[in-house]
Amino acid sequence: MGSIGANNAVVDQTPLFSSRVQKWEPGAIRSLLPLEALPGMISLVAGKPSPETFPIAEITISLKGAPKGTGRIVVDGDELNQALQYGLPRGNAQLIQVCSVAYQELIHRVIQVFTDPGDPVLLETWVSLPLGVAGFLRADGQQLIPVYSDAHGLDPASLEQALSKWPGNSPRPKVLYTTPTGSNPTGQSCIESRKAEILRLAKRFNFIILEDDAYYYLNYGDEKKRARSYLALEREVNGESGRVVRFDSLSKIVSPGMRLGILTAPAAVVDKVVRITENINLQPSSTTQLLALSLLRHWGQAGFLKHCAEAAEVYRRRRDVFVSAAKRHLQGRATWVVPTAGMFVWLELKLPPGMDSFELLRSQGMKNGVLAIPGVAFMPGGEQTCYIRVSFSLVPEGDMDEACRRIAGLVDGCACHS
């Protein structure tokens with residue numbers, strides 16, 4: 001590991017900020033709203049509806065599996081009125097204290113902070129293209145620069161090669177996007193030694209690491225062997241802080257319908273994201289923020305971690321059932337890496353040369369009664385591939401054996417007609 005000086009340096013991100021983010025003006029109204037809380041202040045600022053007109057008297061949350069009399073949370077009164085009202089673009093102040101900053105569309109906005117349309121972006125492959133980061137990067141006209149990964153996560157050698165050979169007359173990428181735990185679609189997790197190497201490269205080549213760790217709390221591997229996050233390692237490895245921007249999510253562990261994410265970043269970056277937010281959708285949802293806050297208050301840190309561990313155990317058990325079914329039916333027909341986190345298994349089908357999994361699923365998947373995501377959906381360049389992504393999060397455990405049997409039938413049928 002790198003040595004640490006007596007004083008840890010704080011990286012100045014402002015030279016890496018994009019031209020477009022500098023053009024966002026402060027929200028004239030939103031910047032005044034915090035002043036309403038000053039003692040004695042009479043505010044005539046915001047066009048907020050009167051709480052008297054809100055039809056909702058209370059919101060009750062009932063928790064699964066809680067002992068009788070302990071699993072009911074009631075939100076009402078002034079707190080409910082605040083949850084139904086306009087709020088601040090920075091998010092609910094109490095929720096911020098609990099878990100940093102709550103936002104929606106965080107990743108897109110942080111990428112806007114650092115890149116202009118047409119800029120290069122380093123992107124771990126494989127990544128979720130249709131609905132994910134690469135989708136909006138393409139729409140923004142960014143250059144997608146693939147950095148390859150394997151069973152141990154993002155490959156530092158691939159990253160160093162891409163940056164070392166970068167044309168001298170072209171601006172280098174300023175951001176690397178990576179999903180280090182239970183990656184979608186591969187299910188792989190990046191080992192700690194590789195994270196250290198990547199952090200050193202970030203300092204050497206002056207780029208920001210966007211650490212999208214939505215499956216961090218669904219890690220069901222050996223706790224003593226789990227890799228620390230980029231954010232946790234940064235000071236130890238580089239003797240500095242501020243080069244890692246981290247994203248967590250409540251979608252995988254509480255509710256995707258809440259649409260709440262958590263941004264941990266230097267203040268200068270957060271301020272730019274707030275500027276974009278107040279100009280586009282004003283704020284995160286006040287109501288869902290209060291629901292999340294009420295739940296986290298009720299649990300406390302110990303209760304939250306207990307819930308995460310129980311959720312991770314559900315997925316570990318489902319993974320084991322699926323992998324056992326795959327061993328019975330797909331040995332010799334596919335290869336895979338057993339995931340230690342998340343919801344996915346990345347199957348490499350043993351198809352005839354030139355055969356694409358998309359074409360196979362489109363022509364035979366319906367006939368065989370099995371659906372999966374073809375690997376082409378996760379390739380930045382749309383290249384053909386024999387991979388498919390399967391999710392074991394929702395399929396009944398009793399159907400997993402039959403699902404693997406049907407995938408085996410697809411592979412066998414392909415071999416017969418090759």
Side-chain angles (χ1 to χ4, degrees), residues 121 123-151 153-155 158 177-179 182-188 318-319 321-339 342-396 399-418:
V121 174
L123 200 66
E124 179 181 3
T125 56
W126 317 67
V127 293
S128 181
L129 291 186
L131 304 175
V133 171
F136 63 67
L137 288 175
R138 280 179 169 173
D140 282 352
Q142 312 288 29
Q143 300 178 50
L144 306 187
I145 311 300
V147 181
Y148 294 100
S149 57
D150 57 26
L154 189 67
D155 182 9
S158 173
Y177 173 79
T178 180
T179 54
S183 173
N184 178 8
T186 66
Q188 65 202 12
R318 298 176 72 82
R319 175 209 63 180
V321 174
F322 185 88
V323 169
S324 293
K327 288 179 179 177
R328 284 192 294 274
H329 296 287
L330 295 174
Q331 292 282 16
R333 299 179 174 94
T335 58
W336 61 90
V337 175
V338 178
M343 305 174 175
F344 309 108
V345 174
W346 189 231
L347 295 176
E348 182 179 10
L349 304 182
K350 294 189 176 181
L351 303 179
M355 171 64 73
D356 179 51
S357 62
F358 174 72
E359 184 59 37
L360 176 63
L361 288 167
R362 185 174 65 174
S363 62
Q364 300 298 323
M366 289 294 290
K367 294 179 183 178
N368 282 49
V370 63
L371 296 176
I373 305 294
V376 67
F378 305 98
M379 289 297 292
E383 298 89 344
Q384 289 189 337
T385 173
C386 55
Y387 286 92
I388 62 172
R389 190 204 77 180
V390 298
S391 173
F392 51 80
S393 62
L394 278 181
V395 61
D399 289 346
M400 291 183 184
D401 190 83
E402 178 62 15
C404 288
R405 189 191 69 79
R406 293 180 183 184
I407 294 172
L410 284 177
V411 177
D412 291 345
C414 214
C416 290
H417 294 92
S418 62

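Sequential numbering from 1 along the given sequence is applied to the chain's residues. Values below: all heavy atoms of this structure, side chains included; hydrogens, waters and symmetry mates excluded.
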ask   = Can you tell me how far CG of Asp399 sits from CG of Leu394, rounded to the nearest 0.5 angstrom?
value = 12.0 Å

request  = Would you indicate whether the side-chain heavy atoms of Asp150 and Gln188 approach each other to under 4.5 Å?
outcome  = no

key: Considering all heavy atoms, the nearest Thr125-Pro146 contact   = CG2-CB, 3.6 Å

inquiry  = Measuring from atom CD1 of Ile373 to atom CZ of Phe378, what distance do you get when rounded to the nearest 0.5 angstrom?
reply    = 5.5 Å

ask   = Do Arg389 side-chain atoms and Gly187 backbone N/O form a donor-acceptor pair below 3.5 Å?
value = no

key: Val345 vs Pro339 side-chain heavy atoms within contact, under 4.5 Å   = yes

query = Is the side chain of Glu124 donor-acceptor paired with the backbone N or O of Ser149 at a distance under 3.5 Å, no angle test?
reply = no

Which atom of Asp401 lies closest to which atom of Ala325, heavy atoms considered = CA-CB, 3.7 Å

ask   = Going through the distances and angles, do Val323 and Trp336 end up as a side chain to side chain contact (heavy atoms under 4.5 Å, CB included)?
value = CA-CA 9 Å; Val323 169; Trp336 61 90; 4.0 Å; yes

query = Is there a donor-acceptor pair closer than 3.5 Å between any side-chain N or O of Asp356 and the backbone N or O of Phe358?
reply = yes

task = Kindly compute the distance separating OG1 (Thr335) from NZ (Lys350), expressed to the nearest 0.5 Å.
result = 6.5 Å

task = Using a 4.5 Å cut-off on heavy atoms from C-beta on, say whether the side chain of Thr186 contacts that of Val337.
result = no

Value rounded to 0.5 Å, distance of CG in Leu410 from CD in Gln364 = 7.0 Å

task = Could you tell me whether the side chain of Tyr177 reaches within less than 4.5 Å of the side chain of Leu137, counting heavy atoms only?
result = no

Validation row: Thr179, Asn184 side chains within 4.5 angstrom (heavy atoms) = no

inquiry  = Looking at Ser391 and Phe344, would you say the former's side chain and the latter's main chain have a donor-acceptor pair under 3.5 Å?
reply    = no

query = Any side-chain heavy atom of Gln384 within less than 4.5 Å of one from Glu359?
reply = no

inquiry  = Holding to salt bridge (Lys or Arg N to Asp or Glu O under 4.0 Å), I want the full list of residues that pass it with Arg333, two or more places apart in sequence or in another chain.
reply    = Asp412

inquiry  = Just so I know, are the side chains of Leu349 and Leu360 near enough to count as touching, which here means a heavy-atom distance under 4.5 Å?
reply    = yes

Under 3.5 Å: donor-acceptor pair, side chain of Arg406, backbone of Gly369 = yes

message = To the nearest 0.5 Å, what is the distance between CZ on Arg319 and OG on Ser324?
response = 9.5 Å

Test item: Ser158 side-chain N/O and Tyr148 main-chain N/O as donor-acceptor pair under 3.5 Å = yes

key: Ile407 vs Val390 side-chain heavy atoms within contact, under 4.5 Å   = yes

ask   = Roughly how far apart are Met355 CE and Cys386 SG, rounded to 0.5 Å?
value = 11.0 Å

